[in-house]
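Below: one structure, written as structure tokens.
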Amino acid sequence: MKSDCIRNTICQERKKDPIEMFHSGQLVKVCAPMVRYSKLAFRTLVRRYSCDLCYTPMIVAADFVKSIKARDSEFTTNQGDCPLIVQFAANDARLLSDAARIVCPYANGIDINCGCPQRWAMAEGYGACLINKPEVVRDMVKQVRNQVENPRFSVSIKIRIHDDLTRTVDLCRKAEATGVSWITVHGRTVEERHQPVHYEAIKIIKENMSIPVIANGDIRSLKEAENVWHITGTDGVMVARGLLANPAMFAGYEETPLKCIWDWVDIALELGTPYMCFHQHLMYMMEKITSRQEKRVFNALSSTSAVLDYLTDHYGI
């Protein structure tokens with residue numbers, strides 16, 4: 001955690017409880033946790049384009065607690081970066097609660113990743129394997145609740161579904177009884193990658209919950225977000241790849257507007273975003289508005305100055 005970036009992070013938005021947003025009756029638009037991508041600069045960008053709530057990339061709680069270097073590299077925020085949820089990969093209640101206490105002054109809450117299907121995460125006992133270990137989830141939630149004094153500090157979970165949906169409903173009921181603030185449901189099983197999202201399953205889960213539920217999976221436009229919101233009856237929608245391709249999606253743009261690209265350049269340069277991240281985001285944003293030949297040229301650029309020259313020559317930015 002960079003001290004120059006986290007100093008004086010209390011702001012009006014931080015004081016707003018995300019739970020109140022979910023009970024507003026309005027669609028709550030959420031930027032998903034994305035490894036390497038949902039960092040401070042990108043969160044700053046999507047907030048300019050009607051994103052209501054942002055998550056950090058997944059952070060391994062054990063490393064975060066034990067290493068100052070990990071804290072400095074994995075978590076950076078500033079006064080405008082709110083409301084904010086810090087997502088952790090964890091399977092140890094004490095380590096998670098220690099991590100939660102560290103970020104508590106700078107975030108609105110934490111989220112436990114119970115949905116990552118990657119082999120390394122599951123091998124370490126993180127991510128989607130936790131949907132089969134409700135007692136571990138219960139212990140982590142309780143420990144955070146006991147250790148963090150702020151009663152408005154949220155503790156949420158993000159899950160995938162089981163083949164047998166009754167098991168998922170049971171998991172969610174147990175999580176609710178434990179004190180989880182809300183649940184985000186990615187509507188696929190652990191084995192599924194690009195198969196259609198089971199929105200009906202998310203609807204059934206929502207119907208069995210009293211706490212807010214966020215729908216997640218394959219949402220690529222504001223129209224799709226609103227459609228999923230209505231179909232599932234959930235309290236919000238979470239988007240990952242759709243926002244990478246079009247950070248202005250929640251503001252109703254069908255493709256990334258040039259103004260958004262310009263904003264990204266300004267934000268990234270101001271915050272000192274590493275070149276690879278800066279360039280990769282632009283590659284995603286410009287996917288739909290560049291030809292194959294233009295992509296070949298742009299994707300091969302190797303410096304910030306070359307990118308700025310290209311944008312100036314082609315788009316007048």
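Positions are given from 1 along the sequence.
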Just so I know, are the side chains of [X] and [Y] near enough to count as touching, which here means a heavy-atom distance under 4.5 Å?
{"X": "D17", "Y": "R152", "result": "yes"}
{"X": "M34", "Y": "Y55", "result": "no"}
{"X": "V103", "Y": "I110", "result": "yes"}

Backbone N/O of [Y] and side chain of [X]: donor-acceptor pair under 3.5 Å:
{"X": "H281", "Y": "C277", "value": "no"}
{"X": "R188", "Y": "R193", "value": "yes"}
{"X": "N146", "Y": "K142", "value": "yes"}
{"X": "T256", "Y": "M285", "value": "yes"}

Answer yes or no: are there more than 12 heavy-atom neighbours, outside Q195 itself, under 6.0 Å from its atom CD?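 For Q195, atom CD is crowded (more than 12 foreign heavy atoms under 6.0 Å).
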[X] with [Y]: basic N within carboxylate O range, under 4.0 Å:
{"X": "R167", "Y": "D164", "result": "no"}
{"X": "R47", "Y": "D81", "result": "yes"}
{"X": "R71", "Y": "D63", "result": "no"}

Could you tell me which non-hydrogen atom of C51 sits nearest to which non-hydrogen atom of C31, and how far apart they are?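 Residues C51 and C31, closest heavy atoms: SG-N, 3.5 Å.
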If you look at every heavy atom in I131 and C114, which pair is closest and at what distance?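 Nearest pair, atom of I131 first, then C114: CG2-O, 3.1 Å.
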Would you kindly say whether S154 and S156 are connected by a side-chain donor-acceptor distance under 3.5 Å?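 Absent: no donor and acceptor within the cut-off.
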Please confirm whether the ring centroid of F298 lies under 6.0 Å from the ring centroid of H279.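 When the ring centroids of F298 and H279 are compared, they turn out to be within the sub-6.0 Å range.
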Ring centroids only, cut at 6.0 angstrom: are F88 and Y126 within range, meaning strictly under it?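 Between Y126 and F88, which both carry aromatic rings, the centre distance is not below 6.0 Å.
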Option among I159, I205, T234, D111 that satisfies the side chain to side chain contact (heavy atoms under 4.5 Å, CB included) test with I183: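 Going through the options one by one, the only one that passes is I159.
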Does anything in residues 157-182 form a ring pair (Phe, Tyr, Trp, His ring centres under 6.0 Å)? List the pairs, not counting sequence neighbours.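 Counting only pairs at least two positions apart or across chains, the ring pair (Phe, Tyr, Trp, His ring centres under 6.0 Å) contacts touching residues 157-182 are F22-W182.
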Acceptor/donor pairs from residues 243-253 side chains to any protein atom, 3.5 angstrom cut, sequence neighbours excluded:
| from | atom 1 | to | atom 2 | distance (Å) |
| --- | --- | --- | --- | --- |
| N246 | OD1 | A248 | N | 3.1 |
| N246 | OD1 | M249 | N | 3.4 |
| N246 | ND2 | Y253 | O | 2.7 |

